[in-house]
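Notes for the one structure printed next.
Below, chain A is the first sequence line, B the second, and so on; all start at residue 1.
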There are 2 protein chains.
Amino acid sequence: MADVARRAGVSMATASRALSNHPHVAAATRARVLAAAEQLSYVVSPEASRLAGGATGRVAVVVPHISRWFFATLLEGIESVLRDADLDVLLYHVGDAADRRDFFQRLPARRKADAVVVLGMPVRDGERERLETMGVHIVAAGGQVEAYPYVSIDDASAARQAVDHLLFLNHRRIGMIATVDPAEPHWPANPGRSRAYDEALADAGLPADPSLVVTVPWGSLHGADAMARLLSLREPPTAVYAHSDEVAFGAVRTLRRAGLRIPEDMSVVGIDDHPMAELADLTTVAQPVRDQGVLAGRMLLSLLAGETATTGVTVPTRLVVRGSTAPPRR
Amino acid sequence: MADVARRAGVSMATASRALSNHPHVAAATRARVLAAAEQLSYVVSPEASRLAGGATGRVAVVVPHISRWFFATLLEGIESVLRDADLDVLLYHVGDAADRRDFFQRLPARRKADAVVVLGMPVRDGERERLETMGVHIVAAGGQVEAYPYVSIDDASAARQAVDHLLFLNHRRIGMIATVDPAEPHWPANPGRSRAYDEALADAGLPADPSLVVTVPWGSLHGADAMARLLSLREPPTAVYAHSDEVAFGAVRTLRRAGLRIPEDMSVVGIDDHPMAELADLTTVAQPVRDQGVLAGRMLLSLLAGETATTGVTVPTRLVVRGSTAPPRR
DNA sequence: GCAATCATTGGAAGCGTTTCCGATGACGCA
DNA sequence: TGCGTCATCGGAAACGCTTCCAATGATTGC
């Protein structure tokens, strides 16, 4: 940087100010410095900058299950925005509660990042405050709605779209395969998706039948198990609503193995519009996953730019009717 | 750090040495320093450390397609090892050639990471040299075999397992769906998987029939197209070998829509053992994806520890026979 | 038993920025 | 014209660590 300053004929102090867009630098001077930096193809050392009190130029992204399509796609969207803004992405896989505690404890202390994006899980108030007091911004994506900047779908309305579709087709016995996060089995992964199911049935004047609801850890194989349980009922449902497409795929497998036809013998609907859903001809409620990542990235950028925080954004979902749903036979 | 040194009754120099595992520190002293650090819950500032000439404690991972199961899973494996070793993961999505050039140009200059893991693509000699001259270690995973540390499967042998299985079942007209990376359409994604197909047929004394080979961009939908092209042949194959499971899924969809039965009318085999393969009852050649990530991470760790470089590791694949393959009918 | 060798340790000089504080000059207003 | 303001800019002190260079004391070979 000394070279740049010399070449521009200013002091290092001024060079630094010009380079980091500070006010109180004459436009002409700034231009001169920028030109000099350009010619010397100079870039500030993030380490030194950070050490002296600047920003790190890094954003931490906390992901619960990297290899799941949903999170990986979200991550892809975030990365693209952040990379365009010349920010680096620090990836943290946070599986269980211990990891999580570890993360929130360590990161702020080490000040490794200027901001945090939390994917797919709610941020507790204490954690949020802790980060914010340390000047670390925070944004959530693909998770539950809370009182801080987030991007997500409206779980309840997505669920309604799925269940209402089944209801509209005249199904009266509708099963639900709900999921919990295998890493945190005590918290339902998507309470909104369950609640909306209850409400939809109630609104349709149908009685709540707990035996039609089975809760399993997330995953296709568990979805298959869940379907088996539903089939073992004295009076199985005529349609099944699964909390996610991957779970629905498992259900479909079980139905096939049982020799049942879809949608003639059983309708199946999922949520997500996983790329495989089109191939499997699965009716589902689509959500724009990558876009949510992009939006979250942008939101973070404006937060970092000092703009006033948006409360949150809910992106729309839409029912995609394919071949896995039809009116019940009887 | 001054606090830690004081508390341990040593100088900062010694404290630094103890903390960063340098030799020439008495075991007792080191223990004392470590204990003091523990009590004060102190961690070295990576910025300051790096600035003063130390390591960044960061590893860059370069991924071509984050949202694909294969890469996301590899990434998950790498992250877990690196995180255990207290290294941070910097994620870089490198889609096309421009991104790639950008990455290799920028990263070394800014010295943001101590090492680089490149997923799923060959590293060119120039790039490797550039990194190594700057003291940045490099490891590749899930890609093609080259003359530097890598972890991957033996593409040729995996392909042989798939094709030989078909041959063993007595198929004589075997189609292949080969893939290219949509971002770099001029380079075949997996030349080894194509070559082995040719060789297997030759070894079986079968003539090479170019019309049985169709090359498409990676992806299920493209796989579906490819299958359609194969079906439009005057004499379609009796079995199809796809370069990856995702492509095979697409092929399966086309076959179903065409009213053909699997495996009676057509056998299908893929490579990867994607989680969905079990659900789809797809015969495939399984490769340990997460393990490859873990291995790559470990390899990097030993490189970072100054141990002599391993040339590379090839992990075994195995044929998983499911319901999508059977002898031809006629 | 003595000198040479070696393992440990401490002192202090950076590493490349940012920012506080004060200085300088230009500009506006009375 | 004179003086106060304010926009700009420069000097220098951190920021928190690593490592070179010596110095010290312990160990070993003859």
Side-chain angles (χ1 to χ4, degrees), chain A residues 1-37 40-58 86 88 106 108-114 134-135 304 306, chain B residues 1-37 40-58 86-88 108-114 134-135 304 306:
Chain A
M1 180 157 181
D3 294 338
V4 173
R6 202 172 314 126
R7 184 173 190 122
V10 298
S11 72
M12 274 193 52
T14 304
S16 171
R17 279 186 284 250
L19 257 1
S20 44
N21 255 323
H22 266 266
H24 294 299
V25 175
T29 311
R30 166 160 325 183
R32 210 141 27 85
V33 173
L34 259 28
L40 272 49
S41 71
Y42 159 91
V43 282
V44 303
S45 149
E47 326 294 343
S49 168
R50 175 70 203 129
L51 182 56
T56 63
R58 272 175 244 128
D86 240 313
D88 289 318
R106 282 192 157 162
R110 311 186 125 193
R111 300 197 125 258
K112 290 181 169 179
D114 304 327
M134 308 218 56
L304 248 22
Chain B
M1 180 158 183
D3 294 338
V4 173
R6 203 172 313 125
R7 184 173 191 123
V10 298
S11 71
M12 272 193 56
T14 304
S16 171
R17 279 186 283 251
L19 257 1
S20 43
N21 254 323
H22 266 266
H24 294 301
V25 176
T29 310
R30 168 164 330 207
R32 206 140 31 84
V33 173
L34 258 29
L40 271 51
S41 72
Y42 159 92
V43 283
V44 304
S45 149
E47 326 294 344
S49 169
R50 174 74 202 124
L51 184 55
T56 62
R58 273 175 242 130
D86 241 313
L87 290 171
D88 289 318
R110 313 187 125 191
R111 299 197 125 260
K112 291 181 170 179
D114 304 327
M134 309 218 56
L304 249 22

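With rounding to the nearest 0.5 angstrom, the OG atom of A/S49 is 9.0 Å from the CD atom of B/E47. Here the straight-line distance linking atom CZ of B/R6 with atom CE of B/M12 works out to 10.0 Å at 0.5 Å rounding. Summarising the geometry, atom CG belonging to B/L51 is positioned 13.0 Å from atom CZ belonging to A/R50; distances are rounded to the nearest 0.5 Å.
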Starting from the C-alpha separation in whole Å, work towards a yes-or-no answer on side-chain contact (heavy atoms from CB on, under 4.5 Å) for B/R58 and A/D88.
-> CA-CA 11 Å; B/R58 273 175 242 130; A/D88 289 318; over 6 Å; no

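Remark on DNA chain C: of its neighbouring residues B/G53 and B/A26, the 5'-side contact belongs to B/A26, judged by nearest-heavy-atom nucleotide. Each of A/A52 and B/R17 lies near DNA chain C, and the nucleotide nearest B/R17 is the one positioned closer to the 5' end.
Heavy-atom contacts of chain B under 4.0 Å fall on DNA chain C between two terminal nucleotides, which in 5' to 3' order are C/dA7 to C/dG16.
Applying the 4.0 Å criterion to OP1 and OP2 of D/dC17, one finds that B/S49 has every side-chain N and O outside that range. Taking 4.0 angstrom as the limit, A/S11 places none of its side-chain polar atoms (N or O) nearer than this to OP1 or OP2 of D/dC9. Phosphate proximity of D/dT18 to B/H22: absent, as no side-chain N or O sits under 4.0 Å from OP1 or OP2.
The CG-P distance, from A/L19 to D/dC9, rounds to 14 Å in whole Å. When rounded to the nearest whole Å, the span between NE2 of A/H24 and P of D/dT8 equals 8 Å. Distance B/M1 CE to D/dC15 P: 16 Å, rounded to the nearest Å. One atom, CE of A/M12, and another, P of D/dG10, lie 12 Å apart when rounded to the nearest Å. When the P atom of D/dT18 is taken as reference, atom CZ of B/R50 falls 12 Å away, rounded to whole Å. Rounded to a whole Å, the CG atom of B/L51 is 9 Å from the C1' atom of D/dC15.
Side-chain contact between A/V33 and A/V25 is absent, with no heavy atoms from C-beta onward closer than 4.5 Å.
Closest heavy-atom contact between B/L304 and B/D114: CD1-O, 4.2 Å.
Residues passing the salt bridge (Lys or Arg N to Asp or Glu O under 4.0 Å) test with A/R32, sequence neighbours excluded: none.
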